[in-house]
Amino acid sequence: MDDIEPPADLPQHFARPANEQEAAWSELWDQGRTPWDRGIPSPALVDLLAARNDLFNPVNSDGSRKKAFVPGCGSGYDPVLLALHGYDAYGLDVSEKAIATAKQYAESQLRTPSEGNFPLSGQKPSVSPGKVEFICGDFFSKDWGEHKFDLIYDYTFLCAILPAKRRDWTKRMSELLKPGGLLVCLEFPLWRDPRDPGPPWGLRGVYWELLARGGDGSPREYGDEEPPPAENAEFKRLLRVKPERSHKIGRGMDMISVWQKV
Ligand SMILES: C[S@@+](CC[C@H](N)C(=O)[O-])C[C@H]1O[C@@H](n2cnc3c(N)ncnc32)[C@H](O)[C@@H]1O
(Lines give C-alpha, C1' and ligand atoms only; values in the text may rest on other atoms or scores of the structure.)
Protein backbone atom coordinates (compact mmCIF):
# COMPACT_ATOMS: atom_id res chain seq x y z
CA MET A 1 0.00 0.00 0.00
CA ASP A 2 1.39 3.43 -0.82
CA ASP A 3 -1.19 6.12 0.06
CA ILE A 4 0.11 9.59 0.75
CA GLU A 5 -2.48 10.37 3.43
CA PRO A 6 -2.07 8.82 6.90
CA PRO A 7 -5.46 7.73 8.30
CA ALA A 8 -7.22 10.66 9.96
CA ASP A 9 -8.44 8.59 12.91
CA LEU A 10 -5.01 7.41 14.11
CA PRO A 11 -4.39 10.40 16.43
CA GLN A 12 -7.74 9.70 18.09
CA HIS A 13 -6.83 6.05 18.65
CA PHE A 14 -3.64 7.17 20.42
CA ALA A 15 -5.24 9.91 22.51
CA ARG A 16 -4.41 7.95 25.69
CA PRO A 17 -1.92 8.29 28.54
CA ALA A 18 1.77 7.62 27.88
CA ASN A 19 1.69 4.23 29.59
CA GLU A 20 -1.06 2.97 27.24
CA GLN A 21 0.64 3.81 23.93
CA GLU A 22 2.31 0.43 23.43
CA ALA A 23 -0.99 -1.38 24.07
CA ALA A 24 -2.62 0.89 21.49
CA TRP A 25 -0.09 -0.25 18.87
CA SER A 26 -0.61 -3.90 19.73
CA GLU A 27 -4.37 -3.44 19.44
CA LEU A 28 -4.03 -2.15 15.90
CA TRP A 29 -1.80 -5.06 14.95
CA ASP A 30 -4.24 -7.52 16.49
CA GLN A 31 -7.10 -5.94 14.52
CA GLY A 32 -5.07 -6.22 11.31
CA ARG A 33 -5.04 -2.40 10.97
CA THR A 34 -1.54 -1.48 9.78
CA PRO A 35 -2.05 1.51 7.47
CA TRP A 36 1.63 2.55 7.86
CA ASP A 37 2.80 -0.67 6.23
CA ARG A 38 4.36 0.11 2.84
CA GLY A 39 4.98 -3.54 1.96
CA ILE A 40 8.61 -2.98 0.88
CA PRO A 41 11.95 -2.07 2.44
CA SER A 42 12.97 1.60 2.45
CA PRO A 43 14.23 2.51 -1.05
CA ALA A 44 16.19 5.40 0.48
CA LEU A 45 18.12 3.02 2.76
CA VAL A 46 18.73 0.56 -0.08
CA ASP A 47 20.32 3.32 -2.15
CA LEU A 48 22.35 4.76 0.72
CA LEU A 49 23.84 1.36 1.62
CA ALA A 50 24.81 0.80 -2.01
CA ALA A 51 26.24 4.30 -2.51
CA ARG A 52 28.24 4.61 0.73
CA ASN A 53 30.38 1.49 1.19
CA ASP A 54 32.76 3.68 3.15
CA LEU A 55 30.15 4.14 5.91
CA PHE A 56 28.30 0.87 5.60
CA ASN A 57 30.82 -1.94 5.55
CA PRO A 58 28.93 -4.71 7.39
CA VAL A 59 32.10 -6.60 8.35
CA ASN A 60 34.54 -5.76 11.16
CA SER A 61 38.31 -5.90 10.61
CA ASP A 62 38.42 -9.29 12.41
CA GLY A 63 35.90 -10.73 9.92
CA SER A 64 32.94 -10.75 12.32
CA ARG A 65 29.69 -9.16 11.23
CA LYS A 66 28.44 -5.85 12.48
CA LYS A 67 25.10 -5.71 14.29
CA ALA A 68 22.24 -3.62 12.95
CA PHE A 69 19.01 -2.79 14.77
CA VAL A 70 15.58 -1.54 13.73
CA PRO A 71 13.25 -0.44 16.56
CA GLY A 72 9.52 -0.46 15.81
CA CYS A 73 10.30 -2.77 12.90
CA GLY A 74 6.69 -3.71 12.10
CA SER A 75 6.62 -6.36 9.35
CA GLY A 76 10.41 -6.54 9.32
CA TYR A 77 11.22 -5.10 5.87
CA ASP A 78 14.20 -3.05 7.00
CA PRO A 79 15.91 -5.59 9.31
CA VAL A 80 15.69 -8.10 6.47
CA LEU A 81 17.14 -5.57 4.05
CA LEU A 82 20.07 -4.99 6.44
CA ALA A 83 20.64 -8.74 6.78
CA LEU A 84 20.63 -9.11 2.99
CA HIS A 85 23.32 -6.42 2.91
CA GLY A 86 25.55 -8.42 5.24
CA TYR A 87 24.69 -7.25 8.76
CA ASP A 88 23.51 -9.47 11.58
CA ALA A 89 20.20 -7.68 11.94
CA TYR A 90 17.76 -7.37 14.84
CA GLY A 91 14.21 -6.05 14.68
CA LEU A 92 12.23 -5.04 17.75
CA ASP A 93 8.51 -4.46 18.03
CA VAL A 94 6.16 -4.23 20.95
CA SER A 95 3.47 -6.21 19.15
CA GLU A 96 3.63 -10.02 19.14
CA LYS A 97 1.61 -10.03 15.94
CA ALA A 98 4.15 -7.74 14.26
CA ILE A 99 6.99 -10.05 15.32
CA ALA A 100 5.19 -13.14 14.01
CA THR A 101 4.56 -11.33 10.70
CA ALA A 102 8.19 -10.23 10.49
CA LYS A 103 9.51 -13.74 11.14
CA GLN A 104 7.38 -15.12 8.33
CA TYR A 105 8.49 -12.35 5.97
CA ALA A 106 12.16 -12.93 6.84
CA GLU A 107 11.92 -16.64 6.18
CA SER A 108 10.68 -16.15 2.65
CA GLN A 109 12.98 -13.20 1.84
CA LEU A 110 16.17 -14.86 3.03
CA ARG A 111 15.27 -17.77 0.75
CA THR A 112 14.22 -15.63 -2.23
CA PRO A 113 14.92 -11.91 -1.78
CA SER A 114 12.74 -9.54 -3.77
CA GLU A 115 14.31 -6.93 -6.01
CA GLY A 116 13.16 -4.13 -3.67
CA ASN A 117 16.05 -5.04 -1.38
CA PHE A 118 18.59 -3.88 -3.95
CA PRO A 119 19.25 -0.71 -5.91
CA LEU A 120 17.62 -0.19 -9.31
CA SER A 121 20.95 -1.08 -10.97
CA GLY A 122 20.34 -4.61 -9.66
CA GLN A 123 23.82 -4.56 -8.07
CA LYS A 124 24.01 -7.14 -5.26
CA PRO A 125 26.15 -6.76 -2.10
CA SER A 126 29.56 -8.45 -2.26
CA VAL A 127 29.04 -9.86 1.27
CA SER A 128 26.82 -12.87 1.97
CA PRO A 129 23.63 -12.27 4.00
CA GLY A 130 23.82 -12.08 7.78
CA LYS A 131 21.22 -13.50 10.14
CA VAL A 132 18.05 -11.75 11.23
CA GLU A 133 16.45 -12.01 14.65
CA PHE A 134 13.20 -10.51 15.91
CA ILE A 135 12.52 -9.54 19.50
CA CYS A 136 9.21 -8.63 21.06
CA GLY A 137 9.70 -5.81 23.55
CA ASP A 138 9.40 -2.17 24.45
CA PHE A 139 12.21 -0.01 23.08
CA PHE A 140 12.23 2.11 26.24
CA SER A 141 12.63 -0.85 28.59
CA LYS A 142 15.74 -2.93 29.25
CA ASP A 143 13.68 -6.10 29.71
CA TRP A 144 14.67 -7.46 26.31
CA GLY A 145 18.36 -7.52 27.17
CA GLU A 146 21.52 -5.45 27.10
CA HIS A 147 22.54 -4.97 23.49
CA LYS A 148 25.07 -2.80 21.64
CA PHE A 149 24.73 -2.19 17.92
CA ASP A 150 26.95 -0.78 15.17
CA LEU A 151 24.04 0.61 13.20
CA ILE A 152 20.48 1.62 14.08
CA TYR A 153 17.87 2.55 11.51
CA ASP A 154 14.81 4.63 12.39
CA TYR A 155 11.97 4.89 9.94
CA THR A 156 8.52 5.77 11.28
CA PHE A 157 9.52 4.99 14.84
CA LEU A 158 10.31 8.48 16.17
CA CYS A 159 7.15 9.79 14.49
CA ALA A 160 5.16 7.02 16.18
CA ILE A 161 6.00 7.96 19.77
CA LEU A 162 4.64 10.77 21.91
CA PRO A 163 6.68 14.00 21.67
CA ALA A 164 7.16 13.82 25.46
CA LYS A 165 9.20 10.62 24.93
CA ARG A 166 11.66 12.13 22.44
CA ARG A 167 14.41 12.76 24.98
CA ASP A 168 14.07 9.13 26.09
CA TRP A 169 14.37 8.10 22.44
CA THR A 170 17.73 9.93 22.18
CA LYS A 171 18.96 8.50 25.47
CA ARG A 172 18.03 4.97 24.44
CA MET A 173 19.61 5.35 20.98
CA SER A 174 22.81 6.46 22.68
CA GLU A 175 22.73 3.50 25.10
CA LEU A 176 22.13 1.01 22.30
CA LEU A 177 24.88 2.25 19.97
CA LYS A 178 28.55 1.36 20.30
CA PRO A 179 30.88 4.37 20.37
CA GLY A 180 31.38 5.37 16.73
CA GLY A 181 28.17 3.54 15.79
CA LEU A 182 25.76 5.04 13.26
CA LEU A 183 22.16 6.12 13.65
CA VAL A 184 20.44 6.42 10.29
CA CYS A 185 17.18 8.36 10.26
CA LEU A 186 14.82 8.47 7.34
CA GLU A 187 13.28 11.79 8.34
CA PHE A 188 9.51 11.51 7.97
CA PRO A 189 7.03 13.17 7.92
CA LEU A 190 8.59 16.52 7.13
CA TRP A 191 5.48 17.74 5.33
CA ARG A 192 3.21 17.43 8.35
CA ASP A 193 2.68 20.39 10.66
CA PRO A 194 4.60 19.52 13.86
CA ARG A 195 1.77 21.07 15.91
CA ASP A 196 -0.81 18.57 14.60
CA PRO A 197 -1.55 15.53 16.74
CA GLY A 198 -0.02 12.25 15.63
CA PRO A 199 0.91 9.62 14.94
CA PRO A 200 2.53 10.26 12.66
CA TRP A 201 3.95 13.28 14.50
CA GLY A 202 5.44 15.88 12.16
CA LEU A 203 9.21 15.93 12.58
CA ARG A 204 10.33 19.04 10.70
CA GLY A 205 12.98 20.77 12.82
CA VAL A 206 13.09 17.93 15.36
CA TYR A 207 16.15 15.78 14.57
CA TRP A 208 18.72 18.58 14.86
CA GLU A 209 17.18 19.77 18.11
CA LEU A 210 17.28 16.30 19.59
CA LEU A 211 20.53 14.87 18.34
CA ALA A 212 22.83 17.85 17.74
CA ARG A 213 21.46 20.25 20.34
CA GLY A 214 20.58 17.73 23.04
CA GLY A 215 17.13 19.30 23.37
CA ASP A 216 13.71 17.84 24.08
CA GLY A 217 12.78 17.63 20.41
CA SER A 218 10.38 20.57 20.38
CA PRO A 219 10.33 21.52 16.70
CA ARG A 220 12.29 24.64 15.71
CA GLU A 221 12.06 26.27 12.29
CA TYR A 222 15.55 27.54 11.48
CA GLY A 223 15.23 28.65 7.89
CA ASP A 224 18.45 27.88 6.03
CA GLU A 225 20.83 28.13 8.92
CA GLU A 226 20.90 25.59 11.73
CA PRO A 227 22.33 26.86 15.03
CA PRO A 228 25.66 25.30 16.04
CA PRO A 229 25.58 21.88 17.71
CA ALA A 230 25.88 21.72 21.49
CA GLU A 231 29.45 21.20 22.67
CA ASN A 232 28.50 18.10 24.64
CA ALA A 233 26.25 16.63 21.91
CA GLU A 234 26.28 12.85 21.92
CA PHE A 235 25.76 12.62 18.18
CA LYS A 236 27.56 14.18 15.24
CA ARG A 237 25.76 14.43 11.91
CA LEU A 238 27.88 12.96 9.12
CA LEU A 239 25.46 13.58 6.29
CA ARG A 240 21.95 14.66 5.43
CA VAL A 241 20.68 14.27 1.88
CA LYS A 242 17.42 14.15 -0.02
CA PRO A 243 17.12 10.58 -1.27
CA GLU A 244 16.33 10.12 -4.94
CA ARG A 245 13.87 7.38 -4.05
CA SER A 246 11.67 7.16 -0.99
CA HIS A 247 8.16 6.03 -0.09
CA LYS A 248 5.39 7.97 -1.80
CA ILE A 249 3.98 9.04 1.57
CA GLY A 250 7.12 11.17 2.08
CA ARG A 251 5.72 13.47 -0.64
CA GLY A 252 9.18 14.18 -2.00
CA MET A 253 10.22 15.79 1.30
CA ASP A 254 11.92 12.89 3.11
CA MET A 255 15.56 13.42 4.04
CA ILE A 256 17.98 10.74 5.15
CA SER A 257 20.55 11.56 7.79
CA VAL A 258 23.44 9.64 9.32
CA TRP A 259 24.55 10.43 12.87
CA GLN A 260 27.60 9.08 14.60
CA LYS A 261 27.68 8.44 18.31
CA VAL A 262 30.73 10.33 19.55
C1 LIG B 1 4.35 3.44 12.35
S2 LIG B 1 4.75 1.80 12.70
C3 LIG B 1 6.16 1.55 11.63
C4 LIG B 1 6.55 0.13 11.40
C5 LIG B 1 7.72 -0.06 10.47
N6 LIG B 1 8.87 0.74 10.85
C7 LIG B 1 7.32 0.22 9.05
O8 LIG B 1 7.86 1.18 8.46
O9 LIG B 1 6.46 -0.50 8.51
C10 LIG B 1 5.47 1.90 14.31
C11 LIG B 1 5.82 0.54 14.89
O12 LIG B 1 6.46 0.74 16.14
C13 LIG B 1 5.97 -0.23 17.06
N14 LIG B 1 6.15 0.37 18.39
C15 LIG B 1 5.51 1.44 18.92
N16 LIG B 1 5.97 1.74 20.15
C17 LIG B 1 6.96 0.83 20.40
C18 LIG B 1 7.86 0.63 21.48
N19 LIG B 1 7.81 1.40 22.57
N20 LIG B 1 8.75 -0.37 21.40
C21 LIG B 1 8.82 -1.16 20.30
N22 LIG B 1 8.00 -1.02 19.24
C23 LIG B 1 7.08 -0.04 19.27
C24 LIG B 1 4.52 -0.43 16.66
O25 LIG B 1 3.99 -1.66 17.10
C26 LIG B 1 4.62 -0.34 15.13
O27 LIG B 1 4.84 -1.60 14.54
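Just follow the structure's listing: the first ligand is 1, and inside any ligand the first atom is 1.
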Ignoring hydrogens and geometry beyond distance, is a side-chain donor-acceptor pair present between [X] and [Y] at under 3.5 Å?
X: D93; Y: S95; result: no
X: S114; Y: Q109; result: yes
X: E234; Y: T170; result: no

| message | For ligand 1 and G72, I'd like to know whether there is a polar contact (N/O to N/O, distance under 3.5 Å). | response |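 Checking ligand 1 against G72, an N or O pair does fall under 3.5 Å apart.
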| query | Within the structure, does L92 bring an N/O atom to less than 3.5 angstrom of an N/O atom in ligand 1? | reply |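 No, since none of the N or O atoms of L92 sits under 3.5 Å from an N or O of ligand 1.
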| query | Is there side-chain contact between P243 and P43, with heavy atoms separated by less than 4.5 Å? | reply |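 Answer no - side chains too far apart.
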Nearest protein heavy atom to [atom], by residue and atom, and its distance?
atom: atom 22 (N) of ligand 1; result: V94 N, 3.2 Å
atom: atom 9 (O) of ligand 1; result: W36 CD1, 3.6 Å
atom: atom 15 (C) of ligand 1; result: W25 CD1, 3.4 Å

| query | At what distance, to the nearest 0.5 angstrom, does NZ of K171 lie from CG of L210? | reply |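 The distance works out to 14.5 Å.
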| said: Quick check for you: to the nearest 0.5 Å, what is the distance between L82 atom CG and I152 atom CD1? | reply: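 Rounded to the nearest 0.5 Å, the CG-CD1 separation comes out at 11.5 Å.
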Would you tell me which option among [options] has the nearest heavy-atom contact to [atom]?
atom: atom 17 (C) of ligand 1; options: F157, Y153, W169, W144; result: F157
atom: atom 26 (C) of ligand 1; options: T34, D93, I249; result: D93
atom: atom 3 (C) of ligand 1; options: V70, D78, T156; result: T156

| said: By the definition side-chain contact (heavy atoms from CB on, under 4.5 Å), identify the one residue from V258, L176, L211, L151 that meets it with L183. | reply: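 Running side-chain contact (heavy atoms from CB on, under 4.5 Å) over V258, L176, L211, L151 with L183 returns exactly one hit, L211.
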Please identify which atoms of ligand 1 are closer than 4.0 Å to at least one heavy atom of [X].
X: F140; answer: 19 (N)
X: Y155; answer: 6 (N), 8 (O)
X: W29; answer: 25 (O), 26 (C), 27 (O)
X: G137; answer: 20 (N), 21 (C)
X: D138; answer: 18 (C), 19 (N), 20 (N)
X: F139; answer: 18 (C), 19 (N), 20 (N), 21 (C)
X: E22; answer: 19 (N)

| request: Check whether NZ of the Lys or CZ of the Arg K66 lies under 6.0 Å from the centre of the six-membered ring of Y87 and within 45 degrees of that ring's axis. | output: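 K66 over Y87 ring: no.
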| field | R167 side chain to G214 backbone, donor-acceptor under 3.5 Å | value |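 The answer is yes, because a donor-acceptor pair under 3.5 Å joins these two groups.
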| field | Shortest non-hydrogen contact between W29 and G74, atoms and distance | value |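 Closest approach of W29 to G74, heavy atoms only: CZ2-CA, 3.5 Å.
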| task | For ligand 1, note which part of C73 has a heavy atom under 4.0 Å away: side chain, backbone, both or neither. | result |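 The answer is the backbone of C73.
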